[in-house]
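Heads up, the thing below is written out as structure tokens.
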Amino acid sequence: MILIKYNAAEKDIQRILKEKGQQGFQDIVEYLHDNFPQYTWVGIYLVKGDMLYLGPWKGPQPTEHVTIPIGQGICGSAAHTGNTEIIDDVHKDERYLSCFISTRSEIVVPIKRAGNVIGEIDIDSDTSKAFTREDKVFLERIADMLQLHIRNL
Ligand code: SME
């Protein structure tokens, strides 16, 4: 049941990208937010130079972290290493940059092209330990699809 949901989401997101390309990124963050109840806040950051810049996002509130230096926070760490970060309890990770008082867990998935990090998907959850191996596999596949459509680097 759960895997069917991830597969269906992958197909829907593929369709959005085929129709709209990078213009569809806003639809994609909205799709992820609206279809996965544990995804409380969903954003896409893009890398320019040594900074991450927030692009499309959907969630209850805006974040103050619209730019993040690579190397800082969970987002900056994932951009630096190129590895997905799953944080089960954000309050136990000293790198964590707080955006929302209600956040308990976070996943950051680098968007890579030819081995270079060009952006990332950042998802905050109000539930602790919200992100599983299935979320990681699913979101890494989405990141792979997104990289094909990123033009304005
Ligand atoms: N928590 C992130 C900052 C971005 S907000 O979650 C939207 C971090 O530690 O890098």
Side-chain angles (χ1 to χ4, degrees), residues 5-6 9-10 12-13 16-17 20 22-147 149-153:
K5 183 168 179 175
Y6 287 108
E10 204 177 307
D12 288 341
I13 289 169
I16 294 169
L17 286 171
K20 296 193 172 179
Q22 191 170 354
Q23 297 297 320
F25 282 18
Q26 182 68 44
D27 294 9
I28 291 166
V29 296
E30 289 176 15
Y31 182 98
L32 292 169
H33 173 274
D34 296 350
N35 287 280
F36 293 84
Q38 73 277 32
Y39 295 2
T40 308
W41 187 97
V42 181
I44 294 174
Y45 285 86
L46 292 178
V47 173
K48 285 196 185 100
D50 52 7
M51 297 288 282
L52 290 158
Y53 291 84
L54 182 61
W57 62 273
K58 182 163 183 192
Q61 298 163 56
T63 173
E64 67 184 86
H65 297 294
V66 292
T67 61
I68 301 174
I70 291 182
Q72 281 186 27
I74 312 295
C75 287
S77 294
H80 180 66
T81 64
N83 297 325
T84 295
E85 292 274 358
I86 293 180
I87 312 299
D88 288 339
D89 178 350
V90 292
H91 299 300
K92 289 192 178 148
D93 194 311
E94 59 190 23
R95 298 168 302 171
Y96 176 63
L97 297 171
S98 174
C99 290
F100 316 110
I101 195 84
S102 54
T103 299
R104 291 289 170 274
S105 57
E106 180 165 8
I107 187 168
V108 183
V109 180
I111 301 171
K112 292 189 263 191
R113 180 184 291 158
N116 298 313
V117 178
I118 59 172
E120 57 192 32
I121 303 167
D122 176 26
I123 306 181
D124 288 20
S125 182
D126 287 356
T127 307
S128 66
K129 298 187 188 169
F131 303 104
T132 64
R133 185 165 166 76
E134 282 70 40
D135 293 292
K136 178 176 186 283
V137 170
F138 166 61
L139 292 166
E140 286 177 352
R141 290 174 71 102
I142 301 303
D144 236 23
M145 286 156 49
L146 296 181
Q147 66 87 8
H149 296 273
I150 293 173
R151 297 278 175 264
N152 60 345
L153 289 177

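As the structure lists them, so they are numbered: ligands from 1, and atoms in each ligand from 1.
To the nearest 0.5 Å, the span separating CZ on R95 from CD on E106 amounts to 9.5 Å. Here the CD1 atom belonging to I68 is positioned 4.0 Å from the SG atom belonging to C75, to the nearest 0.5 angstrom.
Closest protein heavy atom to atom 8 (C) of ligand 1: I74 N, 3.3 Å. With respect to atom 2 (C) of ligand 1, the closest heavy atom belonging to the protein is E106 OE2, 3.3 Å. The single protein non-hydrogen atom nearest to atom 6 (O) of ligand 1 is D124 OD2, 2.9 Å, given as residue, atom name and distance. In terms of protein heavy-atom proximity, atom 9 (O) of ligand 1 is closest to L97 N, 2.8 Å. Summary of contacts: the protein heavy atom closest to atom 7 (C) of ligand 1 is C99 SG, 3.1 Å.
When each atom of ligand 1 is checked for a heavy atom of G73 under 4.0 Å away, the hits are 9 (O), 10 (O). Near D122, with a cut-off below 4.0 Å to any heavy atom, the atoms of ligand 1 are 4 (C), 5 (S), 6 (O), 7 (C). Those atoms of ligand 1 with a heavy atom of Y45 less than 4.0 angstrom away are 4 (C), 7 (C). Close approach of ligand 1 to W41 is summarised as follows: ligand atoms under 4.0 Å from at least one heavy atom of the residue are 7 (C). Atoms of ligand 1 lying under 4.0 Å from at least one heavy atom of Y96, given by number and element, are 1 (N), 9 (O).
Side-chain N or O atoms of D135 include one that pairs as donor or acceptor with a backbone N or O of T132 at under 3.5 Å. Between the side chain of H65 and the backbone N or O of S98 there is at least one donor-acceptor pair closer than 3.5 Å. Judged purely by atom type and a 3.5 angstrom limit, T63 has no side-chain atom pairing as donor or acceptor with the backbone of C99. Checked by atom type and distance alone, the side chain of T127 never pairs as donor or acceptor with a backbone atom of Q38 at under 3.5 Å.
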Exercise for review: Applying side-chain contact (heavy atoms from CB on, under 4.5 Å), run through D122 and I74 and close with a yes or a no.
Suggested key: CA-CA 9 Å; D122 176 26; I74 312 295; over 6 Å; no

Point to revise | Y31/Y39 under ring-ring contact (aromatic ring centres under 6.0 Å, His included): CA gap, chis, key distance, verdict | key: CA-CA 10 Å; Y31 182 98; Y39 295 2; over 10 Å; no

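For the residue pair E140 and T84, a side-chain donor N or O sits within less than 3.5 Å of a side-chain acceptor on the partner.
At a 4.0 Å cut-off, not a single heavy atom of W57 sits close enough to ligand 1 to count as contact.
The shortest N or O to N or O distance between R95 and ligand 1 is not below 3.5 Å. In terms of polar-atom proximity, C75 is counted as a contact of ligand 1, with an N or O under 3.5 Å from an N or O of the ligand.
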